[in-house]
Chemist: 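Structure provided below as structure tokens; questions to follow.
Each ligand, and each atom within it, is numbered from 1 in the order the structure gives. Along the sequence shown, the residues carry numbers beginning at 1.
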Amino acid sequence: MRKAAPRCAPCQPQMPESTRMKRRILLKALAMSPLAYVLNAHAAQARPFDFQKVRTGMLDRLAGIARAGVLPIIDIESSVNPVRIDLRAFMRAMDQSGIAQMCLSVDQPGDLVKQGVSWSHAALEFAADFPDYFIPVGNGANEPAWTQSPDRFLNDNERYIIEYRYPMMGEFEFRHYPSPRQVERGQWNRDVDIPIDSPQGQRLFAFAERSGIPLQIHYEIEDRLLAPLETMLARYPRAKVIWCHLAQIRYSARATQYGPQLLESWLKRFPNLYIDTAFGPPQSVYKPSAERHARYWTQSAQWKPLIEAHPYRFLAALDIGGDRMDRVNEWSATLRAFLDTLPPKTAEIVAYKSAWKLLFGEEL
Ligand SMILES: [Zn+2]
């Protein structure tokens with residue numbers, strides 16, 4: 001993956017004063033390592049997210065995609081490596097795939113965390129520069145920023161989510177098996193197991209409840225993990241919780257209870273529970289178990305009535321990550337294949353209306 005050029009280079013001729021100022025700060029910072037300079041520039045320039053300022057532009061982009069005969073999508077869950085992203089290529093792929101907006105979170109690179117910089121505001125910067133494309137999301141709670149210093153991560157999260165008015169928190173990894181790509185690379189350090197009802201989980205859910213800001217969780221589907229999550233949802237009923245990866249089961253023997261029936265009862269009992277629909281294509285196999293882990297495809301006849309009955313509780317999601325930033329088109333094709341299984345009215349809600357309502361409180 002090539003490193004990004006200084007991000008404003010292509011638009012230099014029509015740079016506004018504020019951007020020129022940023023460039024000066026960037027140039028000053030060149031004496032430092034590239035990583036540190038990118039990061040410091042972001043920290044120096046971050047401004048709070050202002051929905052009212054960007055609302056019209058986002059709606060215009062949604063409408064433009066619809067006018068072209070394509071169902072527009074708001075992706076509720078993607079993250080990038082802020083140092084390595086080629087933003088222009090990324091946005092081109094969004095255009096090609098009809099992704100109107102992406103809720104973009106940053107996974108702070110491990111070497112920066114080691115240097116003591118635990119949080120990045122790069123997502124705010126990207127959204128400030130391209131407000132029609134990106135909705136800024138708090139940092140991804142993953143290895144190492146979250147797993148090695150969970151309390152510090154929560155301190156940062158609580159402070160910055162409020163101070164910079166992020167409309168959503170990042171994806172918190174409580175139980176996370178290594179992804180298929182990490183398995184291939186032998187990266188077993190992503191095998192995360194932090195109890196959801198731990199003191200950190202309690203603090204996070206309490207903050208979500210207090211602030212009203214939605215949070216995302218990565219929480220593998222396992223029988224033994226269901227009861228603690230159920231307890232937390234019951235204990236913090238006003239916390240808006242997005243459980244990522246509908247029906248992504250990597251070891252079927254460990255998940256005998258989860259299915260449309262269980263989820264239906266939870267959706268009824270917990271009105272602030274949402275489900276994101278990022279999962280792999282039908283043929284995708286999770287190597288450690290040799291199972292096809294995206295179970296939606298084989299059980300879609302059972303899942304569809306549930307989604308149709310509660311369309312505003314399901315959110316379109318791509319789950320782009322730092323190791324697949326060049327695969328927006330491919331991941332979008334999988335998401336569209338899923339949306340195509342739904343009746344058009346339901347698909348429209350899941351594709352973008354549910355995200356808009358959850359994040360901004362408006363029904364489109
Ligand atoms: Zn996830």
Chemist: Please verify the inter-ring angle class for Phe174 with Phe205; under 30° counts as parallel, over 60° as perpendicular, anything in between as tilted.
Modeler: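 The rings of Phe174 and Phe205 stand perpendicular, inter-plane angle above 60°.
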
Chemist: I'd like to verify the contacts: list protein N, O or S atoms under a distance of 2.8 Å from the Zn ion (ligand 1).
Modeler: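 Within the sphere that stays under 2.8 Å of the Zn ion (ligand 1), the protein atoms of type N, O or S are Glu171 OE2, His218 ND1, His245 NE2.
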
Chemist: Compute the ring centroids of Phe90 and Tyr133, then answer whether they are less than 6.0 Å apart.
Modeler: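 No, the ring centres sit 6.0 Å or more apart.
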
Chemist: Under the rule for salt bridge (Lys or Arg N to Asp or Glu O under 4.0 Å), what residues qualify as partners of Arg203, not counting sequence neighbours?
Modeler: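 Once residues adjacent in sequence are excluded, the partners of Arg203 under the salt bridge (Lys or Arg N to Asp or Glu O under 4.0 Å) criterion are Glu158.
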
Chemist: Parallel under 30°, tilted from 30 to 60°, perpendicular over 60°: which one fits the rings of Phe172 and Trp146?
Modeler: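 Perpendicular.
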
Chemist: Going by the rule salt bridge (Lys or Arg N to Asp or Glu O under 4.0 Å), which residues pair with Glu209 if we only count those two or more places apart in sequence or in a different chain?
Modeler: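 With sequence neighbours excluded, Glu209 shows a salt bridge (Lys or Arg N to Asp or Glu O under 4.0 Å) to no residue whatsoever.
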
Chemist: Under 4.5 Å side-chain heavy-atom separation, chaining through any Ile, Leu, Val, Met, Phe, Trp or Tyr, what else clusters with Tyr312? Say none if it is isolated.
Modeler: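 Ile349, all in the cluster of Tyr312.
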
